[in-house]
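Atoms considered below: every heavy atom in the structure, side chains included; atoms not considered: hydrogens, waters and symmetry mates. Index from 1, following the sequence. One-based numbering, in listed order, for ligands and for the atoms of each.
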Amino acid sequence: MDSTPAKLEMFYEGKAKKLYTTSDPDLIVQYFKDDATAFNAQKRGTIEEKGVVNNRMSELFFTLLEREGVQTHFVRRLDDREMLCRRLEIIPVETVVRNIVAGSLAKRLGRQEGEELKHPFVEYYYKSDPLGDPLIYPEHAIAFGWATEQDLNTIHEMALRINGILRRFLDARDVILVDFKLEFGRHHGKILLGDEICPDTCRFWDKATRQKLDKDRFRRDLGGVEEAYHEMLRRVEH
Ligand code: TMP
Ligand code: ASP
């Protein structure tokens, strides 16, 4: 295994993660915090051990995706809360894939949460805290120069492939993948999957009971938040 570069300066602190430069300009360290926010940080809290669970779960999902030929920023997990990643120039567009109606889709279009969709689809949101991540058309991203048409075609194709891989994997573990959010970035001209894949960024429902095993337990004050994160990790590890 290659030697680990030295962790240098923190260059970004977000709501759930901190990023550090390293002695290798191509690599960064992603540190996972326990801090949780919802509704554009109007609600704040801590989910104990969340950083540890999200780091380990992201490692497992990124490893699965890499094995299936999806290129990601993941290099390796360093310890409980840190992973080594390729440095990305992040595209300021959040990509959401939906299999079942929930969350903002249910609200925006007045649909029942849990309604089956005829087929999965991809949505794009502009990554902007002051604006609360508004829903956009792909044309907006192209017209404002956030991504090219070719980038968006690549992202769309990768997002649906990732959905297929994760759905199959989770179905075998009695989990329904309702929806999830992805972030992509450029690394030496190539588009890689970045960020994290965990109960903060996905909706996971138990297949038999439809019990929520994700951050909606925190967003909606349902209780049993830590237990749900640990239960999801247990299922993904087996
Ligand atoms: P939504 O239904 O609230 O639009 O969320 C869709 C999916 O995206 C859901 O799995 C949670 C995830 N998500 C994030 O990861 N970050 C966010 O800021 C939001 C709003 C949603
Ligand atoms: N809206 C995000 C979420 O619910 C978090 C936030 O924006 O503070 O996951």
Cation-pi geometry met for Lys215 and Tyr229 (6.0 Å, 45°): no

Phe62 ring center within less than 6.0 Å of His73 ring center: yes

Transitive ILVMFWY side-chain link Leu192 to Trp146, under 4.5 Å: no

Dump the pairs for me: ligand 2 N or O, protein N or O, distance under 3.5 Å, to 0.1 Å.
from: ligand 2; atom 1: 4 (O); to: Arg219; atom 2: NE; distance (Å): 2.7
from: ligand 2; atom 1: 7 (O); to: Lys15; atom 2: NZ; distance (Å): 3.0
from: ligand 2; atom 1: 7 (O); to: Asn40; atom 2: N; distance (Å): 3.1
from: ligand 2; atom 1: 8 (O); to: Lys15; atom 2: NZ; distance (Å): 3.4
from: ligand 2; atom 1: 8 (O); to: Thr37; atom 2: OG1; distance (Å): 2.4
from: ligand 2; atom 1: 8 (O); to: Ala41; atom 2: N; distance (Å): 2.8
from: ligand 2; atom 1: 9 (O); to: Lys215; atom 2: NZ; distance (Å): 2.9
from: ligand 2; atom 1: 9 (O); to: Arg219; atom 2: NH2; distance (Å): 2.9

Any side-chain donor near an acceptor of the partner, Glu9 and Thr21, under 3.5 Å: no

Atom 9 (C) of ligand 1 touched by protein (heavy atom, under 4.0 Å): yes

Heavy atom of the protein closest to atom 17 (C) of ligand 1 (residue, atom name, distance): Glu94 OE1, 4.3 Å

Asp133 and Lys127 ion-paired at < 4.0 Å: no

Under 4.0 Å to a heavy atom of Phe180 - the qualifying atoms of ligand 1, by number: 10 (O)

Side-chain H-bond candidate by donor/acceptor type, Thr63 with Arg76, under 3.5 Å: no

Proximal candidate to atom 6 (C) of ligand 1 [heavy atom criterion; set Arg203, Arg219, Lys181]: Arg203

Region of Ser104 engaging ligand 1 - heavy atom pairs below 4.0 Å: both

Within 45° cone of Phe11 ring axis and under 6.0 Å: Arg87 NZ or CZ: yes

Sidechain-backbone polar pair: Lys50 side chain, Asp35 backbone, donor-acceptor under 3.5 Å: yes

